[in-house]
Amino acid sequence: MLGLLSALALASLLTTWPEHVHAAYTPAPIRGVNLGGWLVTEQWITPSLYRSTYAEDEWGLCNAFGKDRCSSVLNDHWGSFYSRDDFVDMAAAGLNSVRIPLGYWAVDVRDYEPFVSGQYPYLIQAVQWARELGMRVLIDLHGAPGSQNGQDNSGLIGPVLFPSNETNAERSINVLRNLTEEFSQDMYGDTVMGIELLNEPRLSSNGTDDDFPMAQLKNFYTDGAHTIRSNDINDNINVTVHDAFWGVSYWANYDPTDSEATSPANMLTLDSHQYYAFAQQAAYNHDQILESICNTSQQLKQPQQQTGIPPTLVGEFSLQTGSSSPHGSEGSDEDQARRTWYRLFFESQIVGYSPNDAGQSSIGWMYW
Ligand SMILES: *[C@@H]1O[C@H](CO)[C@@H](O)[C@H](O)[C@H]1NC(C)=O
Ligand SMILES: *[C@@H]1O[C@H](CO)[C@@H](O)[C@H](O)[C@H]1NC(C)=O
Ligand SMILES: *[C@@H]1O[C@H](CO)[C@@H](O)[C@H](O)[C@H]1NC(C)=O
Ligand SMILES: *[C@@H]1O[C@H](CO)[C@@H](O)[C@H](O)[C@H]1NC(C)=O
Ligand SMILES: *[C@@H]1O[C@H](CO)[C@@H](O)[C@H](O)[C@H]1NC(C)=O
């Protein structure tokens, strides 16, 4: 969604993080970053790619260029935007994981869709680099056919048409099957720790005339979970589900393969994105932001056994707020109060979203 520090800027911050973040506890909390703007482009992340067009999403970009030129422009981007050196720097900074957003069109694109494929070899390369460096990967279906949220990050701005035609779910399930078959192979070891079925699905309100009701999302999650479990031959890949912004406690005791479950499914991860730049959170002042982080943290640090909340990753967060951005006017680096606030905001989040004891729902974080 939104983010403002590059992975490298984050890495330089992490080298100075306080000792208590490293509290002795195994398995290590997930400390990761999203490889945003790479295999799914977003205009605000790479304006240079979009400069010669009026496009606002990747669909529009490839529509403007045509498939041949889009393929050539995007291949240059995929081959240069992240390199092995970036993975080396991330590992050296103490990061142990990355989340890689992928669009369905990397695996399945139709002639009438302007999207181009060719991302897959780069995805494999990234997983291999992560493996060499002892890092883990969460692969995330960021764009589904029809769009699951109508936003640029899904590849296609507009209405949420994913739920309008069963073909869209079927195509998505085929992509999830492909990813599971590919990355459960022995050659990748246990590098891919999870596959996220669908990023940030935008459900309609709780009314009766919903276009994308929770029940339909849950049907999709059920199919996706069966697909991963039945194709993950080495049982390494956790089914990862986004909370759809309904809050983590809604998902207590959730098992996508058993609607009568009284405890969460095994090998299930919940992903909850925490932003202070959107909706009512954008109006919070600094004190309210910190209080809200504390509230989230207290919830995530409850024992799983007590709350039934599955292992939960904060798979996206950032330093953007409604009132300010860490990338401000020229010379803002000199503004010490501002720097102090961003440091507090950052450290509060990474401490708040990390477990400090076994058995808590919290399992760590990934910066966007
Ligand atoms: C669903 O999509 C498929 C493939 O694009 C199309 O053939 C079919 O007519 C659509 N069904 C409905 C009900 O719109
Ligand atoms: C998954 O899809 C990619 C891209 O089309 C293809 O290269 C790869 O062989 C597929 N993998 C599997 C296991 O089907
Ligand atoms: C919809 O209703 C459910 C059940 O009452 C509630 O948990 C959830 O937070 C609501 N979602 C939204 C977006 O209001
Ligand atoms: C994967 O699932 C296992 C078993 O339920 C759980 O202990 C672990 O925390 C999960 N790992 C991740 C990365 O979500
Ligand atoms: C934090 O939780 C308390 C207690 O439930 C609540 O009163 C307060 O409004 C919450 N603060 C924020 C900013 O969400």
Side-chain angles (χ1 to χ4, degrees), residues 25-32 39 78 96-99 102-113 115-125 127 135-141 144-146 161-188 190-196 225 227-229 231-242 251 253-257 261 263-272 300 303-305 308-315 353-355 358-366:
Y25 162 65
T26 47
I30 292 170
R31 295 189 293 259
L39 303 182
W78 299 326
N96 58 21
S97 335
V98 291
R99 179 170 179 262
L102 189 77
Y104 71 92
W105 57 96
V107 175
D108 166 16
V109 66
R110 305 218 163 145
D111 289 342
Y112 63 86
E113 297 172 325
F115 287 134
V116 296
S117 53
Q119 301 85 344
Y120 215 87
Y122 298 96
L123 175 64
I124 289 176
Q125 176 68 267
V127 171
M135 298 173 80
R136 312 287 296 279
V137 176
L138 172 60
I139 299 175
D140 138 57
L141 184 60
L161 292 179
F162 172 78
S164 71
N165 186 329
E166 193 51 37
T167 307
N168 294 330
E170 284 165 18
R171 293 177 72 191
S172 303
I173 294 294
N174 286 336
V175 175
L176 296 170
R177 182 180 301 108
N178 165 291
L179 293 170
T180 309
E181 284 177 358
E182 180 66 38
F183 292 105
S184 59
Q185 295 179 77
D186 291 337
M187 62 183 287
Y188 302 108
D190 60 1
T191 306
V192 174
M193 62 179 173
I195 294 178
E196 185 159 353
T227 301
I228 291 179
R229 285 281 62 85
N231 290 287
D232 176 18
I233 48 176
N234 291 317
D235 272 339
N236 287 324
I237 300 176
N238 280 24
V239 171
T240 305
V241 296
H242 188 271
W251 300 92
N253 299 321
Y254 177 61
D255 182 341
T257 63
S263 60
N266 195 32
M267 297 191 74
L268 174 78
T269 311
L270 188 61
D271 178 17
S272 184
L300 294 176
Q304 275 177 54
Q305 290 246 309
I309 298 172
T312 303
L313 170 72
V314 173
Y353 307 150
S354 301
Q360 298 179 346
S361 293
S362 177
I363 57 169
W365 48 264
M366 299 216 187

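Just so you know, ligand 1 is whichever comes first in the structure, and atom 1 is the first atom listed for that ligand. In this chain, numbering begins with 1 at the start of the sequence shown. Since the structure is predicted, the reported quantities are computational estimates derived from the model, not experimental observations.
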So the atoms of ligand 2 within less than 4.0 Å of a heavy atom of A106 turn out to be 4 (C)

Please list, in number order, the atoms of ligand 2 under 4.0 Å from a heavy atom of E182.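 Once the distances to E182 are compared, the set is 11 (N), 13 (C).
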
Strictly under 4.0 angstrom, heavy-atom based: which residues surround ligand 1? Y112, N165, T167

Who pairs with F183 by ring-ring contact (aromatic ring centres under 6.0 Å, His included), at least two apart in sequence or on another chain? Y188

Who are the side-chain hydrogen bond (donor to acceptor under 3.5 Å, both in side chains) partners of N238, not counting sequence neighbours? T269

Classify the side-chain pair N234/D186 by whether it contains a donor and acceptor separated by less than 3.5 Å. yes

Checking side-chain polar atoms at under 3.5 Å, does N174 have a donor or acceptor matched by the opposite partner on Y104? no

Does any non-hydrogen side-chain atom of V98 lie less than 4.5 Å from one of M135?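 In contact.
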
Does the side chain of Q304 come within less than 4.5 Å of P311's, by heavy atoms? yes

Side-chain donor or acceptor of T180 paired with backbone N/O of N178 under 3.5 Å: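 Looks like no, no N/O pair under 3.5 Å.
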
Judging by distance only, is a nitrogen or oxygen of N178 under 3.5 angstrom from one on ligand 2? yes

Below 6.0 angstrom between ring centroids: does that apply to W105 and F115? yes

Is I30 touching ligand 4 with its side chain, its backbone, both, or neither, if touching means heavy atoms under 4.0 Å apart?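 Under 4.0 Å from ligand 4, I30 contributes side-chain atoms alone.
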
Which part of I363 is near ligand 4, with near meaning a heavy atom under 4.0 Å away: side chain, backbone, both or neither?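 Contact part for I363 vs ligand 4: side chain (C-beta onward).
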
Set of salt bridge (charged side-chain N to carboxylate O under 4.0 Å, His left out) partners for E113, sequence neighbours left out: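 If we apply the salt bridge (charged side-chain N to carboxylate O under 4.0 Å, His left out) test to E113, skipping adjacent residues, the hits are R171.
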
Least distance between heavy atoms, I237 atom then D232 atom: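 Minimum heavy-atom contact is N-OD2, 2.8 Å.
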
Do any N/O atoms on M193 end up under 3.5 angstrom from N/O atoms on ligand 4? no

Element-labelled atoms of ligand 4 that are located less than 4.0 Å from some non-hydrogen atom of [X]:
X: T269; value: 12 (C), 14 (O)
X: N238; value: 1 (C), 2 (O), 3 (C), 8 (C), 10 (C), 11 (N), 12 (C), 14 (O)
X: M267; value: 2 (O), 4 (C), 5 (O)

